[in-house]
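Below: the structure, in structure tokens.
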Amino acid sequence: MKVILFGATGMIGQGVLRECLLDPRVESVLSIGRSQTGAEHARLREIVHSDLWHYAAIEPQLSPFDACFFCLGVSSTGMKPEEYERITYGITLAAAETLARLNPQMTFVYVSGAGTDSSERGRSAWARVKGRTENALLRLPFKATYMFRPGLIEPLHGIQSRTRSYRVFYAVTRLLLPLVRLAFPNAILTTEELGRAMIAVARSGAPKNVLESRDIVALLGGSNG
């Protein structure tokens, strides 16, 4: 399986990249982003691309691929709604529309979030934008498209979020997470589990297109540990 990965420098993307490079069934990974990941591996190739709204300049390098794991995203906190939409919807659809045209047999996996509003009519602006993005992706002519909606994500293996508020949150709650996991086993996913689940769904599919945390756990055989 040949994979394109967006957002490999973020917390989730780091975890997904790690699992791809550990899995011998993943033949190669192409990371696309504004900066290098800092990782070195024989099966990893990187394209540093500053304009994530336009891909004409690198199109010849974007096929053939079997899967795209789209982990790029930003927090809506402190961001103007129109800028959040320009990034969340604009970048995602620009990449996805290009890849759907070049790789119609591709499986596209998008990291969305718990609470996403598929109706696009709710009170939360970020949830409406995520919902609009999901709905647009599901209309594209990929072989298959899956929306991952994780809730709380626990970073493992030294992975850290680039967002300061998230780093503070994880530092404060680190000792409480095992207790939360015991009480609510489907509420927390690790970066390792997310990466493994993306590979699983790209290889074998899933019973539905929109996957909440409990559905992602089920992809891994129901084991969340």
Side-chain angles (χ1 to χ4, degrees), residues 1-55 57-75 87-88 91-92 94-96 98-99 102-103 106-113 146 148 150 152-171 174 177 188-204 216 219-220 224-225:
M1 182 168 64
K2 296 181 179 179
V3 172
I4 292 181
L5 174 60
F6 284 82
T9 60
M11 186 182 79
I12 295 175
Q14 290 177 61
V16 174
L17 176 60
R18 178 183 185 274
E19 297 310 309
C20 285
L21 296 179
L22 286 173
D23 194 322
R25 298 169 300 178
V26 177
E27 178 182 339
S28 64
V29 180
L30 173 63
S31 169
I32 300 175
R34 289 178 172 143
S35 59
Q36 294 275 355
T37 65
E40 293 186 6
H41 196 282
R43 289 185 282 134
L44 173 64
R45 186 164 63 90
E46 303 194 44
I47 296 177
V48 176
H49 186 64
S50 59
D51 185 356
L52 296 177
W53 288 268
H54 301 94
Y55 296 91
I58 62 171
E59 273 195 16
Q61 302 178 68
L62 302 183
S63 65
F65 284 89
D66 304 297
C68 175
F69 300 150
F70 200 93
C71 306
L72 190 154
V74 294
S75 170
I87 294 172
T88 300
I91 288 179
T92 307
T98 300
L99 292 175
L102 298 174
N103 302 280
M106 171 180 277
T107 295
F108 191 96
V109 183
Y110 174 62
V111 178
S112 185
Y146 298 101
F148 272 39
L152 186 60
I153 301 167
E154 180 184 2
L156 297 182
H157 310 296
I159 291 170
Q160 289 190 335
S161 172
R162 299 175 70 184
T163 304
R164 185 180 181 276
S165 60
Y166 289 0
R167 292 198 303 272
V168 171
F169 170 80
Y170 285 116
R174 181 172 57 88
L177 288 179
I188 302 178
L189 288 163
T190 67
T191 48
E192 178 180 320
E193 288 165 341
L194 273 174
R196 288 169 50 212
M198 286 190 186
I199 294 170
V201 81
R203 287 181 54 83
S204 305
I216 298 170
L219 292 174
L220 300 172
N224 191 16

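Fair warning: this is a prediction, and the values are worked out from it, not measured in the lab.
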Contact between Phe148 and Leu219 at the side-chain level, heavy atoms closer than 4.5 Å - yes or no? yes
Shortest non-hydrogen contact from Arg34 to Ser50? NE-O, 3.3 Å
My understanding is that only residues two or more places apart in sequence, or in another chain, count here; which of them pass ring-ring contact (aromatic ring centres under 6.0 Å, His included) with Phe6? Phe70
Residue set satisfying side chain to side chain contact (heavy atoms under 4.5 Å, CB included) with Leu22, at least two apart, ordered chain then number -> Arg18, Glu19
For Cys68 against Met106, the heavy-atom pair lying closest together: CB-SD, 3.6 Å
For the residue pair Gly13 and Leu5, what are the closest heavy atoms and their distance? O-CD2, 3.9 Å
For the residue pair Thr88 and Val74, establish whether any side-chain heavy-atom pair is separated by less than 4.5 Å. yes
Rounded to the nearest 0.5 Å, what separates atom CG in Leu99 from atom CZ in Phe108? 6.5 Å
If you measure from CZ on Phe69 to CD1 on Ile199, what distance do you get to the nearest 0.5 Å? 6.0 Å
State, yes or no, whether a side-chain contact exists between Val3 and Val16 at a heavy-atom distance under 4.5 Å. no
Residues at least two apart in sequence or cross-chain that pass side-chain hydrogen bond (donor to acceptor under 3.5 Å, both in side chains) with Gln36, listed by chain then number, are none
What are the two closest heavy atoms between Leu189 and Glu193, and how far apart are they? CA-OE1, 3.4 Å
Hey, could you give me the CD1/CD1 distance between Ile4 and Ile32, rounded to the nearest 0.5 Å? 5.0 Å
Listed once per pair and sorted, the ring-ring contact (aromatic ring centres under 6.0 Å, His included) pairs that draw on residues 17-40, sequence neighbours left out: none
First locate atom CG of Leu30, then atom SG of Cys20, and finally report the distance between them rounded to the nearest 0.5 Å. 11.5 Å
Any ring-ring contact (aromatic ring centres under 6.0 Å, His included) involving residues 31-50? Give me the pairs, sequence neighbours left out, ordered by first then second residue. His49-Tyr55
Let's go through Thr92 and Leu72 carefully: what are the C-alpha distance in whole Å and the side-chain angles of both, what is the deciding distance for side-chain contact (heavy atoms from CB on, under 4.5 Å) to 0.1 Å, and is it a yes or a no? CA-CA 8 Å; Thr92 307; Leu72 190 154; 6.0 Å; no
How far does CG of Leu17 sit from CD1 of Ile12, to the nearest 0.5 angstrom? 13.5 Å
Check: Ile188 main-chain N/O paired with Glu154 side-chain donor or acceptor under 3.5 Å: no
Taken in chain and number order and not counting sequence neighbours, the residues that satisfy side-chain hydrogen bond (donor to acceptor under 3.5 Å, both in side chains) with Glu27 are none
Looking at every non-hydrogen atom in both residues, tell me the closest pair between Met1 and Ala67 and how far apart they are. SD-CB, 4.3 Å
Between Gln14 and Thr191, is there a side-chain donor-acceptor contact under 3.5 Å, judged purely by atom types and distance? no
Working to the nearest 0.5 Å, report the span between CD1 of Ile47 and CD1 of Ile58. 4.5 Å
Specify the closest pair of heavy atoms between Ile153 and Pro155, including all atoms of both residues, with the distance to one decimal. O-CD, 3.5 Å
